[in-house]
K.L.:
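Structure provided below as structure tokens; questions to follow.
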Protein chains: 2
Amino acid sequence: MKPTEEIIRRLSNYRRVLYKLKSLGFIKVFSDNLGDALGISPTQVRKDFSLFKITGKKKGGYEVEVILERLNTILGKDVIQNVIVVGCGKMGSALMNYNGFASEGMRVVAGFDADPSLVDPEARIPIYGLEDLSKISQQFDVKVAIMTVPESRAPQLIDSLNEAGIKGILNFAPIELKSRNDCLIHNISILLELENMIYFVNNLDDKIVI
Amino acid sequence: MKPTEEIIRRLSNYRRVLYKLKSLGFIKVFSDNLGDALGISPTQVRKDFSLFKITGKKKGGYEVEVILERLNTILGKDVIQNVIVVGCGKMGSALMNYNGFASEGMRVVAGFDADPSLVDPEARIPIYGLEDLSKISQQFDVKVAIMTVPESRAPQLIDSLNEAGIKGILNFAPIELKSRNDCLIHNISILLELENMIYFVNNLDDKIVI
DNA sequence: TAGATTGTTAATCGATTAACAATC
DNA sequence: TAGATTGTTAATCGATTAACAATC
């Protein structure tokens, strides 16, 4: 069985919770603990672990340190993951300067923008023109890009990103881009999320189904 | 059957595609058209429509104008939906000034921040201290909040938001907050999304399962 | 009419959960 | 030992898809 996106999402959450438990002094955890913390069944925790050959001891549970090491390897935390930000408007620059990346083993190595007035190769995180996409991406072995450009620019940019060797795009434009064979795309649409919540909030009488 | 989050997400996407088709001159569409555009089966389109009593004509398909009107009603587009932004740091202010809300029938009526130096009730979109949450939320009948605060502040803020009558929270802090009975929470975690993509990009040999 | 498309029922598929033997 | 917990198999559940009668 191949891991699905949902399973990997849960692995990230196990990892996050395990660090919290570790800081509380936990040496070992049971599938029950993790299930409670994530609001899922202990069986699912065990099943997920089983898929990745993460084993525990009957009655003894799982060793926090051991699972964490395994999870870090699976999620690529043993190497710094370089990413770029394409589109350095308000949203893009807010993301570039977000300081949560480092502690998650990620680094924004550069920004890119079509607007020459935003280009600044001397900045702490340099900003280049789009013509430098391939050069910089190859130099830093970048595989993943955050895309914060206007909706109209998004579709054509995908081709440039692919040519530059980008395999994963986190798209913030309010347009649902479909993954291709050669490129995984995740869409984060604030408008869509709000619209979704607004529906359920406006229909609270209907029991919320999540 | 109650609509799930996924179904509402698809309704949003039908709506988006339908506006595009309308601008291309389409008067009617078939479930095939919509399925193709969204990469889903025509059966699913018909099933979704059926759930909301959106009907078409055998052989004649669906009338674009009619479905759009229905979808707009379902998704609350017939009334302006007021939202607030809690936490006016870089991310929060980038969101407040994002100009995609208006065309989707949403309006950011105010921002809130614990830091008094950010408070500015005279700004185009006024920024208040947290003590004004209830007053302003009630004044503008706000039910949904965008939360862009540091992780450490997030949990306690939920209580304040609930007291202010907020029923839905779009959380940007990198902490997976669980929905409660009285409050729907959607988490948007850039780090989690990146981590997820990084996994699949680093394991491209394993066929991607989406 | 013949062909195409809806609306719905039944079948399939995949993901979650229950159950339980193994065993610490 | 008795009780608790893992690891896995079988059962369940829900969502998607196939099939098809109705009909335009």
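This is a predicted model, so every value here is computed, not measured. Numbered from 1 within each chain, the chains take letters A, B, ... in sequence-line order.
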K.L.:
Using atom CD of Glu63(A) as one end and atom C1' of dT5(D) as the other, report the distance to the nearest whole Å.
P.N.:
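Nearest whole value for this atom pair: 15 Å.
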
K.L.:
If each of Pro42(B) and Asp48(A) is mapped to the nucleotide of DNA chain C with the nearest heavy atom, which maps nearer the 5' terminus, i.e. the 5' end?
P.N.:
Pro42(B)

K.L.:
Take atom CD of Glu69(A) as the centre, draw a 6.0 Å sphere, and report whether it contains more than 12 heavy atoms from other residues, nucleotides or ligands.
P.N.:
no

K.L.:
Report the relative orientation of the aromatic rings in Tyr128(B) and Phe112(B); use parallel for angles under 30°, tilted for 30 to 60°, perpendicular for over 60°.
P.N.:
tilted

K.L.:
Below 4.0 angstrom, N of the basic side chain to O of the carboxylate: do Asp159(A) and Arg180(A) qualify?
P.N.:
yes

K.L.:
Could you tell me whether a side-chain N or O of Asn196(B) sits under 3.5 Å from a main-chain N or O of Leu192(B), the two making a donor and an acceptor?
P.N.:
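No: the side chain of Asn196(B) does not pair with the backbone of Leu192(B).
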
K.L.:
Between Lys77(B) and Glu104(B) (side chain of the first, backbone of the second, donor and acceptor by atom type, cut-off under 3.5 Å), is there such a pair?
P.N.:
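The answer is yes, because a donor-acceptor pair under 3.5 Å joins these two groups.
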
K.L.:
Of the listed nucleotides (dT17(D), dT6(C), dT16(C)), which one gets closest to any side-chain atom of Ser31(B)?
P.N.:
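Closest nucleotide to the Ser31(B) side chain: dT6(C).
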
K.L.:
For residues Asn13(B) and Arg16(B), is any side-chain donor paired with an opposing acceptor at under 3.5 Å?
P.N.:
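Distance-only check passes for Asn13(B) and Arg16(B).
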
K.L.:
Would you write out the dot-bracket form of DNA chain D, 5' to 3', with Watson-Crick and G-U pairs under 3.5 Å, [ ] for crossing pairs, | for pairs to other strands and . for unpaired bases?
P.N.:
..||||||||||||||||||||||

K.L.:
Could you check whether Glu176(B) pairs with Arg9(A) (Lys NZ or Arg NE/NH1/NH2 to Asp/Glu carboxylate O, under 4.0 Å)?
P.N.:
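Not counted as a salt bridge, because no side-chain N and carboxylate O are separated by less than 4.0 Å.
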
K.L.:
Over how many whole Å does the gap from Phe30(B) atom CZ to dG7(C) atom P extend?
P.N.:
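About 12 Å, once rounded to whole Å.
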
K.L.:
For the side chain of Thr148(B) and the backbone of Gly87(B), is there at least one donor-acceptor N/O pair under 3.5 Å apart?
P.N.:
yes

K.L.:
For the pair Lys167(B) (side chain) and Asn202(A) (backbone), establish whether a donor and an acceptor sit closer than 3.5 Å, ignoring hydrogens and angles.
P.N.:
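It does not hold such a pair.
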
K.L.:
Could you work out which one of dT5(D), dT8(D), dT16(C) sits closest to the side chain of Ser50(A)?
P.N.:
dT8(D)

K.L.:
Among residues 53-62 of chain B, which contact DNA chain C at a heavy-atom distance under 4.0 Å?
P.N.:
Thr55(B), Gly56(B), Lys57(B), Lys58(B), Lys59(B), Gly61(B), Tyr62(B)

K.L.:
Are the side chains of Leu194(B) and Ile146(A) in contact, using a 4.5 Å heavy-atom criterion?
P.N.:
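Result yes, sub-4.5 Å side-chain heavy-atom pair found.
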
K.L.:
Check the interface with nucleotides 10-13 of chain D: list each N/O to N/O pair with the protein under 3.5 Å, or write none.
P.N.:
none

K.L.:
Counting only N and O atoms by type, is there a donor-acceptor contact under 3.5 Å from the side chain of Asn82(A) to the main-chain atoms of Val109(A)?
P.N.:
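Absent.
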
K.L.:
Whether Ser41(B) contacts dT17(D) is assessed here as follows: a side-chain N or O lying under 4.0 Å from the phosphate OP1 or OP2. Is that the case?
P.N.:
yes

K.L.:
In whole angstroms, how far is the C1' atom of dT6(C) from the CG atom of Leu51(B)?
P.N.:
16 Å

K.L.:
Under 4.0 Å from OP1 or OP2 of dT6(C): is there any side-chain N or O of Arg46(B) that close?
P.N.:
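Indeed, a polar side-chain atom of Arg46(B) lies that close.
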
